[in-house]
K.L.:
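Take a look at this one; I'll ask things after.
Remember, predicted model here, so these are calculated numbers, not experimental data. When a ligand or atom number is given, it counts from 1 through the structure's own listing order.
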Amino acid sequence: MTDTHSETAPDYAPVHESAEAVRRWLAERPSFALFIDGRWQASHDALPAIASTNPATGDLLAHIAQAGPQDVDAAVAAARRAQPAWAALSGADRARHLHRLARLVHKHARTLAVLETLDNGKPIRETRHIDIPGAVRHLTYHANQAALVAQTFPDHAPHGVAGQVIPWNFPLLMASWKIAPALACGNTVVLKPAEYTSLTALYLADLVAEAGLPAGTVNIVTGAGDTGAALVAHPGVDKVAFTGSTEVGRAIRRATAGSGKALTLELGGKSPFIVCADADLDAAVEGLMSAIWFNQGEVCCAGSRLLVEEAVAEPLVAKIKARLARLRLGDPLDRTTDMGALVDRVQHERVAGLVARAVEEGAAPWQPDIDCPATGCFHRPTVLTDVAPANVAAREEIFGPVLSVLTFRTDAEAADMANNTRYGLAGSVWSETGGRALALARRIKAGVVWVNCTNKLDAGVPFGGVRQSGFGREGGREGLLAYLKRRDRQQTPDTDAETATLDTDAVPAGVADAVHKAVEAAAKAAPWAQCDGRTRAAALVRLAQAVDDRRDALVDRLVETTGADRAAARHEVETSAARLYAYAGHAESHEGGASLAQPGQTVLTLAEPVGVLGIVCPDRPPLVALVSLLAPALAMGNRAVLVAGPGHAALADDLQALLAAAQLPQGVATLLTGARGPLARALAEHGQVDGVWCFTSAADAAAVEAAAADDLKRTWVSRGRSPDWLSPPAGDGAAFLDAATATKTLWLPHDA
Ligand code: NAD
């Protein structure tokens, strides 16, 4: 071997995975139809087919149909027809179906892995060891849960038809994340895969048929954004589940506002990867390889912002560069390849464009001098240093193999930098000092935080974001709940359903001002969120005692303002006090839990407060409804700005006196009375409000949901049908606590 040869030769000989079986399968179907009602159907809309190509070579793989409105209609109709019978199956029968499907995916794992690699460009090592086994795990976990759903959630029913739209970065894995929990809970589904990567979902359709799932239970419609838009807007869809970009998530929030459809959004991220000076730097570098260069950086929870303590920035960056110099970039079908191709030319251009912009804005780029194929959508791993906080590379999701490096001096600065983003999907913290790592992890505003590890996921563990990373969780109990609704029997129409509509004109300045003052005060009361459950319970008990102490005066007020008879008014006041005592109990007990999700991993699921909640209360029954909404919000550590109708100004004064008597810290709860429409809109539009609950009319709900779309606030709306506030099981409990909390998942390795 000559010297010249040894400099360029790879460390390993290429080990090619055979694509023979996949090529045979593709040759039988040069163009794909749509999978509707258990069979392949040609598109009725006859839109031009989409060419699906291999991003590593540019070769054409297949043509896939582009479903139009008629096709979406047919798919939703098939799902509707199939749903009652599917929901009526026993849990064990749904489990049998899902287990059969899981076994078939496992049986076809080799072929699916190659197909995914060809279609997406990611390395075969990842599809074989992560994507496909992950899909099997999701199907199996949810098959097991299917058998238990009726016992675990006795007060719940499936939504009906789920319309699901997924991205291209983990195509089969995302399909199983969507389909498995929906089916487990008794919904039927219409799934739209991403236009670049539909092939494994189409392969899955064959397996769905082979597994004997009833016709119409799973329907797969391919196409681009217009197909997705037609699906989420379809009136026959009851629940929309979307994974993709924040921009499209916002469009879907707007399109579904007021429709009554349940919605979960799993969106983008710009996750911090914090390395403290006392971290094991070699372990952190390996973590970074997985955080940002796994899957070519096309990972929603990618650790794309390295925040490193100044003292170790230099050695850490040197280690990163040394490690990247050994990375193998190239043929995704080669089993020794670490990084493959980006999904498409469009994505390649986007990544390259963002890197160029970052450099224009002052960042210093570095790429290893490694082989990179001249054709295909390959992008060298890139490190950007000298990244200012305002640089595009510190703010925007690049969704490619690009790491931005920023430094910090103190933990407080690290936490501030970590949270200086519109996103809140994930984060990781590296420190050998347990208490320091945990304290930082608790301060990161994100749905998932990994301590001394990264990118850990499991079907039994909730995953999802806060802020503009979306709302809702996939995995675990929360993931199942997203496919269930509370049964209707305890709900009653609100008397004011038709009257309290929001007008569409601008919010009057006086109203905006009042809301702004209340929200500012709530924002300043942030320490309330850090109080322990015991402190919050004590405050709720003081509030309950204040109601007890003023019982007769409150009864008089209710008789005077609502015309209720004394017995009814007394019952309302007593129920209000009882509810406050109950939530004092919840404040100390609804705090989350722990599980041993995987060998060597303890996972904490923390019930964290949502933040500042705007709460629009119904007119009747005024006291107990308001207390039933305020108490869970405060119990879980939120601050509340409540809105009551103009007829309740006197009662609002009484409540303000109660809050003062209970010595709640300033700004923790504020009551506003007046025209609820403009007040609700002002809350939904306010940038410092994190969530809005609206328990008035359907029109209010629509306006609140639309206004909340801008910054993707969480909303909880009754659409004119409130629970029976006076009945403990309906006006109290799990649904309120869930709405008042955002689950934060902390992964703690205990064998590292
Ligand atoms: P995208 O939003 O462009 O597309 C996602 C899907 O939405 C595709 O199937 C697309 O066809 C469809 N779509 C496009 N416009 C639509 C519309 N108006 N209505 C309905 N559907 C529409 O995202 P992408 O480029 O495919 O994926 C990358 C994004 O996905 C990144 O932002 C990434 O962070 C995010 N993502 C998030 C998670 C998570 O769990 N939070 C997981 C994976 C990817």
Side-chain angles (χ1 to χ4, degrees), residues 50 52 64 66-67 69 72 119-120 122 131 134 138 163-178 190-198 201 220-234 237 240-256 261 263-271 292 294-304 342-344 346-351 354 396-400 421-426 446-448 455 457 461-475 479 482 709 712 745:
I50 296 173
S52 189
I64 57 173
Q66 195 172 169
V72 169
D119 203 15
N120 170 281
K122 62 172 80 188
D131 292 70
H138 264 265
Q164 308 178 313
V165 179
I166 56 173
W168 43 257
N169 57 342
F170 293 94
L172 187 74
L173 188 58
M174 287 293 119
S176 67
W177 275 39
K178 290 282 176 283
V190 180
L191 175 83
K192 193 205 83 68
E195 52 274 39
Y196 301 134
T197 55
S198 297
I220 296 180
V221 291
T222 46
D226 286 349
T227 310
L231 177 58
V232 302
H234 196 289
V237 167
V240 172
F242 172 75
T243 298
S245 61
T246 292
E247 288 61 37
V248 174
R250 187 175 290 118
I252 290 176
R253 169 69 291 183
R254 291 205 177 100
T256 53
K261 288 174 188 162
L263 176 65
T264 41
L265 298 173
E266 301 283 355
L267 309 176
K270 189 78 198 173
S271 301
I292 183 66
F294 159 65
N295 207 40
Q296 298 71 242
E298 297 166 324
V299 181
C300 54
C301 50
S304 53
L342 297 180
V343 73
D344 189 83
V346 171
Q347 182 64 6
H348 190 273
E349 279 164 18
R350 184 170 181 273
V351 172
L354 281 166
E396 292 300 319
E397 183 182 44
I398 296 180
F399 222 56
T421 167
R422 64 187 170 124
Y423 297 110
L425 188 54
V448 187
N455 274 348
L457 303 166
V461 175
F463 178 84
V466 296
R467 308 209 274 189
Q468 295 197 28
S469 291
F471 43 78
R473 294 289 179 267
E474 292 186 300
L712 289 159
T745 308

K.L.:
Among all protein heavy atoms, pick out the one at the shortest distance from atom 9 (O) of ligand 1; state its residue, atom name and that distance to 0.1 Å.
P.N.:
Ile166 O, 2.8 Å
K.L.:
With respect to atom 5 (C) of ligand 1, which of Leu425, Thr243, Leu457, Val248 exhibits the smallest heavy-atom separation?
P.N.:
Thr243
K.L.:
Using heavy atoms and a 4.0 Å limit, tell me yes or no: is Pro193 in contact with ligand 1?
P.N.:
yes
K.L.:
At their closest point, which heavy atom of Phe170 faces which heavy atom of Glu298, and how far apart are they?
P.N.:
CE1-O, 4.0 Å
K.L.:
Of the side chain and backbone of Phe170, name the one, both, or neither that has a heavy atom under 4.0 Å from an atom of ligand 1.
P.N.:
neither
K.L.:
Which atoms form the tightest heavy-atom contact between Leu173 and Asp131, and what is the distance?
P.N.:
CD1-O, 3.7 Å
K.L.:
May I ask you to decide if Ser469's main-chain N or O and Arg422's side chain share a donor-acceptor pair within less than 3.5 Å?
P.N.:
no
K.L.:
Given Ala194, Cys300, Gly223, which one has a non-hydrogen atom that is nearest to atom 38 (C) of ligand 1?
P.N.:
Cys300
K.L.:
Is any side-chain heavy atom of Tyr196 less than 4.5 Å from a side-chain heavy atom of Asn120?
P.N.:
no
K.L.:
So, 4.0 Å and heavy atoms of Phe463: is ligand 1 close enough to count as a contact?
P.N.:
yes
K.L.:
Have a look at ligand 1 and work out which part of Ile252, if any, has a heavy atom under 4.0 Å from it: side chain, backbone, both or neither.
P.N.:
side chain
K.L.:
Determine whether Val221 and Val190 make a side-chain contact, defined as any pair of heavy atoms from C-beta on separated by less than 4.5 Å.
P.N.:
yes
K.L.:
Look at atom 13 (N) of ligand 1 and say which protein heavy atom is nearest, naming residue and atom and giving the distance to 0.1 Å.
P.N.:
Gly225 CA, 3.7 Å
K.L.:
At what distance is the nearest protein heavy atom to atom 25 (O) of ligand 1, and which residue and atom is it?
P.N.:
Trp168 NE1, 3.0 Å
K.L.:
Which ligand 1 atoms, with their elements, are less than 4.0 angstrom from a heavy-atom of Val165?
P.N.:
6 (C), 7 (O), 9 (O), 12 (C), 21 (N)
K.L.:
Minimum heavy-atom separation for Thr197 to Asp119, with atom names?
P.N.:
CA-OD2, 3.1 Å
K.L.:
Near Gly228, which atoms of ligand 1 are under 4.0 Å from a heavy atom of that residue?
P.N.:
19 (N), 20 (C), 21 (N)
K.L.:
Number the atoms of ligand 1 from 1 as they appear, then name those within less than 4.0 Å of a heavy atom of Glu266, with their elements.
P.N.:
37 (C), 38 (C), 39 (C), 40 (O), 41 (N)
K.L.:
Can you find an N/O atom of Lys192 closer than 3.5 Å to an N/O atom of ligand 1?
P.N.:
yes
K.L.:
Which part of Glu195 is near ligand 1, with near meaning a heavy atom under 4.0 Å away: side chain, backbone, both or neither?
P.N.:
side chain
K.L.:
If you compare all heavy atoms of Glu266 against all heavy atoms of Phe463, which two are closest, and at what distance to 0.1 Å?
P.N.:
OE2-O, 3.3 Å
K.L.:
Say whether Ala251 and ligand 1 are in contact under the criterion: heavy-atom distance to a ligand atom below 4.0 Å.
P.N.:
no
K.L.:
Nearest heavy atom to atom 2 (O) of ligand 1 wins, so pick from Gly269, Ser198, Ser245, Gly465.
P.N.:
Ser245
K.L.:
Taking C-beta and beyond as the side chain, do Arg467 and Thr421 meet within less than 4.5 Å on heavy atoms?
P.N.:
yes
K.L.:
Side chains of Ile50 and Thr222, heavy atoms from C-beta outward: is any pair under 4.5 Å?
P.N.:
no
K.L.:
Could you find the nearest protein heavy atom to atom 35 (C) of ligand 1 and give me its residue, atom name and distance?
P.N.:
Gly244 O, 3.1 Å
K.L.:
Answer yes or no: is there a side-chain heavy-atom contact under 4.5 Å between Ile166 and Pro171?
P.N.:
no
K.L.:
As an exercise, identify every atom of ligand 1 less than 4.0 angstrom from a heavy atom of Asn169.
P.N.:
43 (C), 44 (C)
K.L.:
Mark whether atom 7 (O) of ligand 1 lies under 4.0 angstrom from at least one protein heavy atom.
P.N.:
yes
K.L.:
Does ligand 1 have any atom sitting under 4.0 Å from a heavy atom of Phe242?
P.N.:
yes
K.L.:
So if I count the atoms of ligand 1 from 1 in the order they appear, which ones are less than 4.0 Å from some heavy atom of Ala229?
P.N.:
19 (N), 20 (C), 21 (N)
K.L.:
Over all heavy atoms of both residues, which pair between Arg254 and Ala709 is shortest? Give the atoms and the distance, please.
P.N.:
CG-CB, 3.6 Å
K.L.:
For the 3.5 Å polar cut-off, considering only N or O atoms, please tell me whether Glu397 and ligand 1 meet it.
P.N.:
yes
K.L.:
So do Ser304 and Ile398 actually touch side chain to side chain, heavy atoms under 4.5 Å?
P.N.:
no
K.L.:
Check whether any side-chain heavy atom of Thr246 lies under 4.5 Å from a side-chain heavy atom of Tyr423, and answer yes or no.
P.N.:
yes
K.L.:
Which ligand 1 atoms are under 4.0 Å away from a heavy-atom of Gly268?
P.N.:
32 (O), 34 (O)
K.L.:
If you have a sec, work out which protein heavy atom is nearest atom 28 (C) of ligand 1 and how many Å separate them, to one decimal?
P.N.:
Phe399 CE2, 3.4 Å
K.L.:
Can you name the closest pair of heavy atoms from Val72 and His234 and give their distance?
P.N.:
CG1-CD2, 4.1 Å
K.L.:
Considering only protein heavy atoms, which is closest to atom 41 (N) of ligand 1, and at what distance to one decimal place?
P.N.:
Leu267 O, 2.7 Å
K.L.:
Find the distance between CD (Glu397) and CG (Leu425) and round it off to the nearest 0.5 Å.
P.N.:
8.5 Å
K.L.:
My understanding is that only one of His138, Gln164, Lys192 makes a side chain to side chain contact (heavy atoms under 4.5 Å, CB included) with Lys178; could you say which?
P.N.:
Gln164
K.L.:
Does an N or O anywhere in Met174 fall below 3.5 Å from an N or O of ligand 1?
P.N.:
no
K.L.:
Around atom 27 (O) of ligand 1, find the nearest protein heavy atom and jot down its residue, atom name and distance.
P.N.:
Pro167 CB, 3.3 Å
